[in-house]
Number of protein chains: 2
Amino acid sequence: MYKNEWLKGSLRTILLKLMSERPRMYGYEISRMVEKRSGSNIRITEGALYPALHRLESQGYLIAERVQIGKRARKYYSLTAKGQTEAQENIEQYFSHVRTMLLLLSDKQSATP
Amino acid sequence: MYKNEWLKGSLRTILLKLMSERPRMYGYEISRMVEKRSGSNIRITEGALYPALHRLESQGYLIAERVQIGKRARKYYSLTAKGQTEAQENIEQYFSHVRTMLLLLSDKQSATP
DNA sequence: AATTATACATAATATATCTATGTATTAAAA
DNA sequence: TTTTAATACATAGATATATTATGTATAATT
């Protein structure tokens with residue numbers, strides 16, 4: 001069982017959201033940001049983060065830019081236009097899904113006339 | 001890409017919730033119920049539903065009872081005591097996760113002093 | 001008579017996570 | 001000053017859970 005069984009699917013949404021807020025971010029920065037802003041409730045493992053970024057890049061939602069910081073390599077990502085559209089849509093759809101889930105999980109008992 | 005990329009992990013929560021509301025339910029009934037109560041926004045495929053029920057049963061959260069309806073077999077499930085505890089906890093944790101997600105997805109910009 | 005709904009089940013496939021491991025530089029602590 | 005922690009990327013292998021497709025069968029509706 002996963003520690004966070006609901007992260008699956010949500011990670012992509014989180015990434016799209018963060019990237020839509022800032023012009024450029026690199027992987028490690030994103031992982032710090034998610035941990036901070038989630039109150040340490042969500043921790044993205046590297047084995048999930050980097051493949052996810054690569055996927056988004058290969059699908060044309062992100063573009064990457066390698067930057068050399070001293071002797072260390074950093075990879076900055078930015079949303080493409082396609083990525084911006086996808087971010088908006090995906091976040092909206094996530095909200096919609098959550099509304100549906102809350103409907104299901106809040107319903108004490110469905111009307112049985 | 002899955003049609004509903006956020007269902008993964010949530011199906012278990014949905015099942016635990018429905019089963020905690022009613023004393024006995026069978027698979028097909030559950031799938032109808034979810035479709036109805038979600039406004040057709042969530043459709044559980046049979047390939048996901050039955051294995052999920054079998055998992056919950058094998059893990060001791062559900063007990064099954066075969067019932068013959070005329071010539072047709074029906075399999076009623078009920079929550080065990082362990083399942084009731086798990087349902088409560090799991091639903092609570094799901095809410096907690098959603099709160100965290102909304103925090104992340106609503107934040108316009110984290111405070112940068 | 002043919003189609004749809006009910007009712008279960010599983011195999012093959014897809015894919016997104018996790019854990020573990022690897023490489024390497026830089027900063028902080030012991 | 002040696003060791004540890006933090007920064008920064010990446011990937012292989014294991015695991016979990018969903019999808020699609022297929023199968024069997026009865027009952028109800030068109």
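Chain letters run A, B, ... following the sequence lines, proteins first, then strands; residues in each count from 1. Both backbone and side-chain heavy atoms feed into the values below; hydrogens, waters and symmetry mates do not. Note that the structure is predicted; figures quoted are calculated from it, not measured.
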What is the distance, rounded to the nearest whole Å, between atom [atom1] of [X] and atom [atom2] of [N]?
X	N	atom1	atom2	value
A/L53	C/dA16	CG	P	13 Å
A/I44	C/dA16	CD1	C1'	13 Å
B/W6	C/dT17	CH2	C1'	17 Å
B/Q68	C/dA7	CD	P	12 Å
B/L56	D/dA18	CG	P	10 Å
A/N4	C/dA16	CG	P	17 Å
B/E5	C/dA14	CD	P	19 Å
B/E57	C/dT10	CD	P	11 Å

Heavy-atom closest contact (A/N41 atom, A/N4 atom, distance): O-ND2, 4.4 Å
May I ask you to verify if any side-chain N or O of A/R12 is less than 4.0 angstrom from the OP1 or OP2 atom of C/dA16? no
Test: B/R32 and B/E35 ion pair at under 4.0 Å: yes
Can we say A/R12 and A/E86 salt-bridge, meaning some charged N sits less than 4.0 Å from an Asp/Glu carboxylate O? yes
Write out a two-atom table: protein N or O, nucleotide N or O from nucleotides 6-10 of chain D, distance below 3.5 Å.
| unit_1 | atom_1 | unit_2 | atom_2 | d |
| --- | --- | --- | --- | --- |
| D/dT7 | OP2 | A/Y28 | OH | 2.2 |
| D/dT7 | O5' | A/Y28 | OH | 2.9 |
| D/dT7 | O2 | A/R72 | NH1 | 2.5 |
| D/dA8 | OP1 | A/R74 | NE | 3.2 |
| D/dA8 | OP1 | A/R74 | NH2 | 2.4 |
| D/dA8 | OP2 | A/Y26 | OH | 2.7 |
| D/dC9 | OP1 | A/K75 | N | 2.8 |
| D/dC9 | OP1 | A/K75 | O | 3.4 |
| D/dC9 | OP2 | A/G27 | N | 3.3 |
| D/dC9 | OP2 | A/Y28 | N | 2.6 |
| D/dC9 | OP2 | A/Y50 | OH | 3.4 |
| D/dC9 | N4 | A/E46 | OE2 | 2.6 |
| D/dA10 | OP1 | A/K75 | NZ | 2.8 |
| D/dA10 | OP2 | A/H54 | NE2 | 2.9 |

Distance col, row B/H97:NE2 vs A/L7:CG, nearest 0.5 angstrom, shows 6.5 Å
Report for the helix from C/dA1-D/dT30 to C/dA30-D/dT1: angle between first-end and last-end helix axes, five pairs each, rounded to 10 degrees. 20°
Flag if over 12 foreign heavy atoms under 6.0 Å of [atom1], [X]:
X	atom1	value
B/E65	CD	yes
A/E92	CD	no
A/Q93	CD	yes

When you measure from every atom of DNA chain C, which of residues 91-100 of chain A have a heavy atom less than 4.0 Å away? none
Return the set of residues passing ring pair (Phe, Tyr, Trp, His ring centres under 6.0 Å) with B/Y94 (not counting sequence neighbours), or none when no residue passes. A/W6
Just jot down the ring pair (Phe, Tyr, Trp, His ring centres under 6.0 Å) partners of B/Y76, sequence neighbours excluded, or say none. B/Y26
If each of A/G70 and A/L7 is mapped to the nucleotide of DNA chain C with the nearest heavy atom, which maps nearer the 5' terminus, i.e. the 5' end? A/L7
Go through the structure and list residues passing salt bridge (Lys or Arg N to Asp or Glu O under 4.0 Å) with A/K17, not counting sequence neighbours. A/E21
Side chains of A/L102 and B/F95: closer than 4.5 Å at any heavy-atom pair? yes
Suppose we call a contact any N or O donor and acceptor under 3.5 Å apart; does that hold for the side chain of B/K8 and the base of D/dT17? yes
